[in-house]
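Worksheet for the structure shown next.
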Amino acid sequence: ALPEKKYRIAFSQCTGDDNWRRRMLADMKREMAFHPGIEFLYKDAKDNSRLQARQVRELMNEGIDLLMISPNEAQPLTGVVEDAFNKGIPVIVIDRTIASKLYTSFIGADNVEVGKMAGDYAANLLHGKGNIIEVIGRPGSTPAIGRQKGFQQSISQHPDININAEIYGNWLKDDAAAGLLKVKDKLMHADLVFAHNDVMALGTYQVCKKLGIENKVKIIGVDGQPGPGSGLDLISNHLINATMLYPTGGQEAIRTAFKILNGEPFSKENILQTLVIDSTNVHLMQLQANKIDEQQKDIEKQQALLEAQQAIYNSQTTLLNIAVTA
Ligand code: FRU
């Protein structure tokens with residue numbers, strides 16, 4: 001095969017500072033290792049939509065071949081994404097989306113589906129009766145809107161289940177904890193909390209523990225990632241009851257990027273699968289994650305060996321050339 005053209009690919013990430021996003025980046029890098037010539041530009045907007053819009057403009061000025069973006073909030077980033085798209089830069093939107101269809105490809109799970117699954121699971125846990133508090137993600141971000149919609153659709157089918165309070169946790173542990181303390185009286189009478197991500201589910205657990213109600217309140221999160229303090233850990237340590245797997249899409253994004261750049265067929269909408277993780281399958285999920293990590297280490301070892309052999313080969317051919325010309 002011909003060596004691949006050296007592409008400049010940019011990624012504008014809404015925040016880099018949590019385990020799920022670090023995982024997304026790792027998933028991208030694992031896939032990028034198959035395209036050694038790639039130039040990767042990365043910017044972290046630190047939860048700030050205005051900063052993110054500015055960073056996208058900066059990236060566009062760098063002469064990029066393709067833009068990947070996970071927009072912090074939909075509205076404030078729609079304009080700049082449309083501009084990139086209209087300038088002919090292919091745009092892959094990941095996980096959170098914009099308020100327009102002017103992008104090349106979307107990769108992410110169906111958040112209404114995630115919310116519905118969480119609602120059905122909650123109703124089951126409560127045997128159709130009880131009080132719920134919902135801890136919502138950042139209000140202008142599309143996963144928060146979708147998860148809220150799906151969850152409420154599901155719960156509305158159960159007349160004896162009430163959502164007694166909805167608080168904004170903005171995807172952050174401390175905001176979730178502060179919000180819950182503001183509705184402390186309702187929390188004391190809650191049977192279940194649905195937090196829109198595992199970080200906020202952990203914040204919920206910590207508040208419940210402080211109030212001495214951690215054994216009474218059931219907790220459901222979203223994300224289901226491996227790693228210390230992440231969803232799988234929270235379930236196997238019995239801090240939360242369940243989480244809805246929310247795949248990062250990092251690997252699929254890079255695969256799609258190269259399909260687009262190489263002029264191969266690709267789908268505009270790529271919906272990733274979700275599933276319930278609880279104590280019945282958490283061990284399996286952890287084994288699977290460990291396996292992937294081990295395989296990755298093997299790949300890296302093989303790459304190092306190949307590089308070492310290449311270096312030996314190069315020095316030998318140099319010696320050979322010297323011998324031939326001498
Ligand atoms: C990470 C995160 C995840 C959540 C996703 C939604 O920054 O908050 O926990 O599932 O973003 O976009």
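Since the structure is predicted, the reported quantities are computational estimates derived from the model, not experimental observations. Nothing fancy with the numbering, it's 1 onward along the sequence. Ligands are counted one by one from 1 in listed order, and the atoms in each one are counted from 1 as well.
Of all the atoms in ligand 1, the ones that sit under 4.0 Å from a non-hydrogen atom of Asp18 are 1 (C), 7 (O). Atoms of ligand 1 found under 4.0 Å from any heavy atom of Asp95 (numbered from 1 in listed order, with element): 6 (C), 12 (O). Interface atoms of ligand 1 facing Trp171, defined by a heavy-atom separation under 4.0 Å, are 6 (C), 8 (O).
Under a 3.5 Å cut-off, the side chain of Asn281 and the backbone N or O of Val276 do form a donor-acceptor pair. Asn164 places no side-chain N or O within donor-acceptor distance of the main-chain N or O of Lys186, the cut-off being under 3.5 Å.
For CD of Glu269, the number of neighbouring non-hydrogen atoms (other residues, nucleotides, ligands) closer than 6.0 Å is greater than 12. Residue Lys216 qualifies as enclosed at atom NZ: its count of foreign heavy atoms under 6.0 Å is above 12.
For Glu39 and Lys6, the salt-bridge test fails: no basic side-chain N is under 4.0 Å from an acidic carboxylate O. For the pair Asp18 and Lys173, the salt-bridge criterion is not met [side-chain N within less than 4.0 Å of a carboxylate O]. Remark: Glu62 does not engage Lys43 in a salt bridge, criterion side-chain N to carboxylate O under 4.0 Å.
Distance from atom 3 (C) of ligand 1 to its nearest protein heavy atom, with residue and atom name: Asp223 OD2, 3.3 Å. Taking atom 11 (O) of ligand 1 as the reference point, the nearest protein heavy-atom neighbour is Arg21 NH2, 2.8 Å. Looking from atom 8 (O) of ligand 1 to the surrounding protein, the closest heavy atom is Asn197 ND2, 3.2 Å.
Polar contact with ligand 1: absent for His196 (N/O pair, distance under 3.5 Å). Considering backbone and side-chain N/O of Trp20, none are found under 3.5 Å from N/O of ligand 1. For ligand 1, the polar-atom distance check against Thr15 finds no nitrogen or oxygen pair separated by under 3.5 Å. Considering backbone and side-chain N/O of Tyr246, none are found under 3.5 Å from N/O of ligand 1.
Think of Val112 as one node in a network of Ile, Leu, Val, Met, Phe, Trp and Tyr side chains linked at under 4.5 Å; it has no links at all.
Counting only non-hydrogen atoms, the option in Met244, Arg96, Met200 that gets closest to atom 12 (O) of ligand 1 is Arg96.
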